[in-house]
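Worksheet: one structure, shown below.
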Amino acid sequence: YYAKASMTESDPVMKRESKFDVSIWLMSPTLARMDMAKPPAPGKDPGPAEKMIISTGKTLYEYDLGRKTRTRAALGP
């Protein structure tokens with residue numbers, strides 16, 4: 001399954017908002033991926049995903065391109 005959406009992330013401390021185009025893929029009951037990319041300027045090709053989240057059913061992985069960080073968290077018992 002595949003879905004597209006738009007998302008606004010707000011930072012109350014810095015008082016700014018970031019808009020993202022979100023793509024979600026459900027590849028199996030335990031495998032899902034979500035990409036968050038900044039919307040392209042009119043007439044331009046979309047850039048790479050700013051953030052990517054992958055769930056394997058047991059572990060959640062997050063990659064943040066702007067901060068160049070990878071985070072891993074175990075899910076449930």
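None of these values were measured; they are calculated from a predicted model.
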**OP:** State whether the number of non-hydrogen atoms from other residues, nucleotides or ligands found under 6.0 Å of Tyr2 atom OH is greater than 12.
**Re:** yes
**OP:** Specify the closest pair of heavy atoms between Pro12 and Ser10, including all atoms of both residues, with the distance to one decimal.
**Re:** CD-O, 3.6 Å
Original post:
Atom OG1 in Thr56, atom CZ in Arg72: separation rounded to 0.5 Å?
Top reply: 10.0 Å
Residues 29-49 side chain polar contacts: donor-acceptor under 3.5 Å, at least two apart:
residue, atom, partner, partner atom, Å
Arg33, NE, Asp35, OD1, 3.1
Arg33, NE, Asp35, OD2, 3.4
Arg33, NH2, Asp35, OD2, 2.9

Original post:
Mind checking whether Ile53 and Leu60 have side chains closer than 4.5 Å, heavy atoms only?
Top reply: yes
Subject >> Verdict with reasoning, Lys19 to Thr8, per side-chain contact (heavy atoms from CB on, under 4.5 Å) >> reply: CA-CA 4 Å; Lys19 296 185 186 245; Thr8 302; 4.0 Å; yes
**OP:** With sequence neighbours excluded, tell me which residues meet side chain to side chain contact (heavy atoms under 4.5 Å, CB included) with Arg70.
**Re:** Tyr63
Original post:
Quick one: do Ile54 and Trp25 end up in the same hydrophobic cluster if we chain Ile, Leu, Val, Met, Phe, Trp and Tyr together by side-chain heavy atoms under 4.5 Å apart?
Top reply: yes
**OP:** Nearest 0.5 Å please: distance from the OG atom of Ser23 over to the CE atom of Met52.
**Re:** 10.5 Å
Original post:
At what distance, to the nearest 0.5 angstrom, does CG of Asp21 lie from CE of Met7?
Top reply: 10.5 Å
**OP:** Starting at OG of Ser18, measure out to CD of Glu50 and round the result to the nearest 0.5 Å.
**Re:** 8.5 Å
Original post:
Using 4.0 Å as the upper bound for N to carboxylate O, is an ion pair formed by Lys51 and Glu9?
Top reply: yes
**OP:** Would you give the length of the straight line joining atom CG of Asp11 to atom CD of Glu17, rounded to the nearest 0.5 angstrom?
**Re:** 10.0 Å
